[in-house]
Structures are given as structure tokens and as C-alpha cells.
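Worksheet: one structure, shown below.
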Amino acid sequence: MMTANSLQQLWSDKCFASCMSIVLQHQVDLDADEAEIAERLNLHARTVGRIISHYERTGSTTPLYRGRCGDQKKLSGRDKRRVVNAALTNPRASSASIQRQTGVNVTPRRVRRVLRISGIIAYRPVKKPFLSRHQRLPVAFNGHNSCRTMTGLEYCSVMKQ
């Protein structure tokens, strides 16, 4: 099975090989312009031109932005483990409190994302419904068919609660 590093190395080697083939064709056939080389290699002409100008400027065929693509990592592996362990020790803690507790310099949204990727589900405390007096009546006399069958004394006892 190929790992992410081996895939990245394979992609890097493939890019290096295509860059070398562009540069070699440019050196061998000096009167060929970028469009002709691009047509031969089935690439875009601007890509070929950028690689050739980079080679003439630096003398190197390595990609310009090798290994620096995408966003920078917000959390290290150690910080991610600290966030996950804090969530496991107190499953009902909010993401903001986990952020403050661990001292990581990220937003609570990033903390939630790390926990979701780790497979930790969010807990939400169950809220007790607020029942006013008239909402308590059917709950208190659930055994009766309806509230209309209650006697006056039963109704008064419920209303006093």
C-alpha cells in the first residue's frame, strides 16, 4: 500500500522528469518555441514557458513551490493529541474551554474540526423543558383521559404545585 509520502515522492519524481524533458527538448532544438514543445509533450504552452524561464534563471529543474503547497499546519501532532486527550477526559467540555485549557493558539472551530477528524462526537447536555402551570396539567394527570375529567380538587392540587 502506498503511503502519502510515497505518493508525494512519486508525484515529485514525475514532475522532475517532465521538467527535465522540457529542458532537454529546449536545449536540443533551440529554434523550437514553447508552443511546439508544449504540443509535443501534450502540455500547456505557458507551463512550458514558465519551466524554461525558471531553468534559465536558476539553472535548476526542481519545481518552484515544492513542498510548500496548501495552507500551513495550524496544529502540530502534539497539539492535536493534547486537544483530543482534553476532550476525552471531559467529554462535556466546550471547544472554547478545551482551547483555553490546552493553551493552543487556534480558534474553537479548529478545535471542533480536530475532534471531528479524530472521531470524537460532540455531547450536548439535555435541557429540562420549562413547564408553566397549564403545561404541567396533562403531565401530572397522565392517567386521566383528558384534563376535563379532573375534579375541582385535583385541578386545585396541581395548580398549587
Side-chain angles (χ1 to χ4, degrees), residues 1-139 142:
M1 187 171 131
M2 296 189 90
T3 63
N5 288 339
S6 63
L7 284 173
Q8 185 178 11
Q9 184 64 35
L10 179 68
W11 174 252
S12 176
D13 292 344
K14 186 176 179 183
C15 290
F16 179 75
S18 64
C19 290
M20 280 302 297
S21 64
I22 291 170
V23 169
L24 286 174
Q25 287 203 16
H26 175 67
Q27 289 175 344
V28 170
D29 195 6
L30 291 175
D31 51 328
D33 62 343
E34 297 160 2
E36 291 175 15
I37 296 173
E39 191 174 325
R40 279 186 234 149
L41 297 175
N42 197 19
L43 293 171
H44 199 275
R46 274 185 262 168
T47 304
V48 173
R50 186 182 37 121
I51 291 171
I52 289 172
S53 66
H54 175 69
Y55 176 75
E56 289 172 349
R57 210 174 39 249
T58 63
S60 172
T61 58
T62 58
L64 296 171
Y65 303 106
R66 183 178 184 176
R68 293 185 285 151
C69 297
D71 285 341
Q72 296 294 319
K73 300 275 187 217
K74 305 289 189 268
L75 287 174
S76 65
R78 178 181 288 175
D79 288 338
K80 288 179 185 177
R81 284 191 303 275
R82 284 179 24 208
V83 167
V84 169
N85 287 337
L88 290 175
T89 55
N90 185 5
R92 298 201 184 331
S94 67
S95 56
S97 66
I98 291 173
Q99 176 211 5
R100 284 190 303 270
Q101 177 185 352
T102 57
V104 293
N105 191 19
V106 292
T107 61
R109 182 176 178 170
R110 176 71 57 180
V111 171
R112 286 192 298 273
R113 186 175 295 148
V114 167
L115 294 176
R116 187 180 65 238
I117 290 171
S118 301
I120 297 174
I121 59 170
Y123 285 95
R124 178 145 177 96
V126 176
K127 290 186 177 179
K128 221 170 117 177
F130 175 74
L131 297 176
S132 62
R133 283 186 175 177
H134 72 280
Q135 289 172 326
R136 280 189 300 227
L137 287 176
V139 175
N142 203 9

Between Thr102 and Val111, is there a side-chain heavy-atom distance shorter than 4.5 Å? no
Show me the pairs that pass side-chain hydrogen bond (donor to acceptor under 3.5 Å, both in side chains) and involve residues 35-48, at least two apart or across chains. Gln25-Arg40, Asp29-Arg40
List for me each residue that meets side-chain contact (heavy atoms from CB on, under 4.5 Å) alongside [X], sequence neighbours excluded, and say none if there are none.
X: Arg116; value: Arg113
X: Leu43; value: Ile22, Leu41, Val48
X: Thr107; value: Arg109, Arg110
X: Ala93; value: Asn90, Ser97, Ile98

Where Arg112 and Ser95 come nearest, the two heavy atoms and their spacing: NH1-OG, 2.9 Å
All salt bridge (Lys or Arg N to Asp or Glu O under 4.0 Å) counterparts of Arg82, not counting sequence neighbours: Asp79
How long is the gap from [atom1] on [X] to [atom2] on [Y], to the nearest 0.5 Å?
X: Ser76; Y: Arg81; atom1: OG; atom2: CZ; value: 7.5 Å
X: His26; Y: Ser53; atom1: NE2; atom2: OG; value: 9.5 Å
X: Lys73; Y: Leu75; atom1: NZ; atom2: CG; value: 10.5 Å
X: Ile121; Y: Leu115; atom1: CD1; atom2: CG; value: 11.5 Å

